[in-house]
Amino acid sequence: MSTRIIANRDRCVGAGQCVLVDPDAFDQDDSDGLVVLIHSEPHSDDEVARAREAVNVCPGRALSLAE
Amino acid sequence: MTPPTISFTRTDPYRPPADHVRLQAEAPISRVQRPDGRKLWVVTRHEDVRTMLMDTRFSSDRRDPRHPAHMAHMGPDYRPGLIEMDPPAHTALRRSLIGEFTVSRLSAWRPRIQEMVDEAIDAMLAGPPETDLVEALSLPIPSMVISEMLGVPYADHDFFQRNSADFSRIDTTPEQKGAAVANLRNYIADLVQQKVKEPGNDLLSRQLAAGVKPEDLGPIGFLLLIAGHETTANMISLSIATLLDKREKLEAVRNDPAITVGAVEELLRYFTIAEVGHQRLALADIELGGVLIKEGETVFGLANTANRDAEVFPDPDDLDFTRLARNHLAFGFGPHQCLGQNLARLELEIVLATVLRRMPTLRLAVPFDEISFKENGPNYGVNKLEVAW
Ligand code: HEM
Ligand code: SF4
C-alpha cells in the first residue's frame, strides 16, 4: 500500500511550516494562505520521511498520513 | 496550601530560568505563584505545551478580567487584536491576513530586504569602527521591512522607526513609550485614510480592497508592527552576540553559508524569546497531562523550557546548527502560531549571512557576560550590543 498525505484545510492555520519542510509536496494558496497539496503521494523513503516531519511540525494538526 | 514561588528571570542567557528546568524534571505541570503573588499553572514539557496551545478552551481573549494579560483599558468596548482573540472571530481575521505572509509571497521580499541590510551595513562601515548594533541594525531592519509592507511612504520611515524604537527601548520613560504608541496608532490610522483615497500596491490597500473597514485596519497594522519589531530585533541581537561569543559556531556558518538556515532555526529554539507569550485562561475544567485545571485558572506554556525537552531534542543544551528541528515552539503552536514567522526567518537569515560576509573582523566590544540582557521580559533580548570591527 502506498502512503497518502491528507490535508484538512479547516484546521490549517497557514503558518507554512509544511512548505518549509517539503516545498515539492506543499504550497499555500495565495488568497487565504491555506495549505495546497502539490502531490499527495510520497514515493521515495525520503519523501515519506519529509511528509512525516510535516505532519509532526504542523501547528494546526491539519496534516495526516494514510498508509 | 500555598503553591511554591518561582522566578521567571533568566540568570544565564543560554539557559531557561533554573526554576523552570527543575520543574520540568520534577513536576512538569505545576501550580505555582509568581513573586507578586499571582497564582498560575506552568506547563513545561513539549508535548503538554503543544496540547495546551492547540486547545482553544485555553483562551487568549484578554477582555476577560480573569485573563493573566488583562489590562484595565480592555473593557467591553475594547477591540481585541488578533493575538487576543478566540475562534471563530480569530479564525476569520487570521485567514484574511495570512495570504500576505505565505512562504512564496515573502520570498519575493528577499532582494529588497537584502538591499536594506546592505545599506545599514554600508552606513556602519562608513562611520567609526565601533557602535551599538541594536541601534544600527537590529531595530531598523524589521521596522523598515514592515513599514514597506504596510505601504509607509519612504519619507516617513524615519518617523516610523524612531517611534517604534522608543516603544521598545528600556531607557525611555513610560510617558515616552505612551507617546510613541499614540504617535504610531495615529500615524497608521492616517495612513489607512490615505490608502482609502489613493490605494497603492501594499498590504493595507489590499486589505481595504478586500472589504476590511478602515477603522478595523488601523489596529491590524499596529499589531503587525509591534508583534514583529522588537521580537525580530531581539533575535538579531542575540544571534549575533552568540556567534561572536562562540567563535567556532561563527566560523562554521562563515565556512558553509548553506547552514545559515539551520543556524537561524536553532537560535530561535535556543533563545525562545517570547517565553511568557503563551498565557491562557481556562474556560472549562480541562485535564492536561493527568492534571485537572479548573475553569478560571490561568496557565502559562513555558515554551523556552519545552524547547529544551530532552525527549524531543536530544542533548537540548547543545547549540547545534545541523539539528534542523522545526518542531520547536519559539513561534508558538496551534491557531495563534506566529503569523510573521517566515518573515522573521527571512530577515534573520539575510542579516546573519550578510554580517558574516561583510564584517569579517566584527567582535564584541564588551565581554559577553557584561552585555545587558532583557531579563524581565516580556521578550528576552539585548538592550545594547556594543561591537567593534
Ligand atoms: C523572531 C521573531 C518573532 C518571534 C519570536 C515571534 C513570536 C510569536 C509568538 C510566540 C506568537 C504566538 C503568541 C500566542 O500564542 O499567543 C506570535 C504571534 C504573532 N506574531 Fe510573531 N514573532 C516574531 C516575529 C513576528 C513578525 C516579523 C511578525 C509580523 C510581521 C509577527 C506577527 C505576529 C502576529 C500578527 C501574531 C498573532 C497571530 C495570531 O494570534 O493568530 N511576528 N509571534
Ligand atoms: S504546516 Fe499545517 S497549518 Fe501550516 S500551512 Fe501547512 S498544513 Fe497549514
Side-chain angles (χ1 to χ4, degrees), chain A, chain B residues 46-47 49-56 82 87-88 90-108 206-207 209-210 261-262 264-265 268-269 278 303 312 323-346 349:
Chain A
M1 243 306 276
S2 68
T3 308
R4 215 157 42 82
I5 307 171
I6 301 167
N8 178 348
R9 298 188 94 229
D10 287 338
R11 303 195 58 151
C12 174
V13 303
Q17 295 260 49
C18 52
V19 185
L20 297 181
V21 171
D22 191 354
D24 298 328
F26 302 96
D27 196 2
Q28 287 164 283
D29 190 312
D30 257 354
S31 59
D32 60 11
L34 301 184
V35 62
V36 180
L37 293 180
I38 299 171
H39 72 76
S40 60
E41 293 192 0
H43 291 297
S44 67
D45 286 354
D46 194 40
E47 283 171 350
V48 173
R50 271 178 290 166
R52 261 186 232 295
E53 193 193 345
V55 170
N56 179 30
V57 300
C58 171
R61 299 233 203 267
L63 301 174
S64 55
L65 292 186
E67 301 181 63
Chain B
H46 187 264
E47 197 48 40
V49 175
R50 294 216 298 188
T51 305
M52 168 207 154
L53 292 175
M54 269 307 289
D55 187 338
T56 53
L82 184 67
H90 172 265
T91 317
L93 180 57
R94 181 161 169 125
R95 285 194 179 170
S96 68
L97 284 170
I98 43 183
E100 294 283 345
F101 292 92
T102 62
V103 173
S104 68
R105 235 358 201 314
L106 290 173
S107 57
R206 281 189 293 274
Q207 290 288 310
V261 172
V264 166
E265 213 57 45
L268 284 162
R269 177 189 77 90
H278 312 291
V312 182
R323 191 189 293 269
L324 263 183
R326 296 193 178 280
N327 54 339
H328 64 73
L329 307 177
F331 291 117
F333 197 72
H336 288 279
Q337 196 188 52
C338 183
L339 188 77
Q341 57 181 288
N342 294 317
L343 180 59
R345 286 188 172 98
L346 188 63
E349 184 202 324

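Below, read A as the first sequence line, B as the second, and so on, with proteins coming before strands; counting in each chain starts at 1.
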**Request:** Name the member of B:G332, B:G340, B:P335 that forms the most heavy-atom pairs with chain A at distances under 4.5 Å.
**Result:** B:P335
**Request:** Against chain A, label B:R206 side chain, backbone, both or neither, depending on which of its atoms sit under 4.5 Å from a heavy atom there.
**Result:** neither
**Request:** Measure distances from B:L324 to the heavy atoms of chain A and classify the residue's part below 4.5 Å as side chain, backbone, both or neither.
**Result:** backbone
**Item:** Crowding at CZ, A:R4 (>12 non-hydrogen neighbours, <6.0 Å)
**Value:** no
**Asked** What residue among B:H336, B:H90, B:R94 forms side-chain contact (heavy atoms from CB on, under 4.5 Å) with A:V13?
**Response** B:R94
So, for [X] and [Y], which heavy atoms are closest and what is the spacing to 0.1 Å?
| X | Y | value |
| --- | --- | --- |
| B:M54 | A:G60 | CE-O, 3.6 Å |
| B:R95 | A:C12 | NH2-O, 3.7 Å |
| B:N342 | A:A15 | ND2-O, 2.9 Å |

**Request:** State the CG-OG1 distance between A:D29 and B:T102, to the nearest 0.5 angstrom.
**Result:** 9.0 Å
**B:N327 CG to A:C58 SG distance, which is reported to the nearest 0.5 Å** = 12.5 Å
**Message:** Using only atom types and a distance under 3.5 Å, with no angle test, would you say the side chain of B:R326 pairs donor to acceptor with the backbone of A:Q17?
**Reply:** no
**Request:** With a 4.5 Å cut-off on heavy-atom pairs, point out which of A:V21, A:D27, A:L20 contacts chain B the most.
**Result:** A:L20
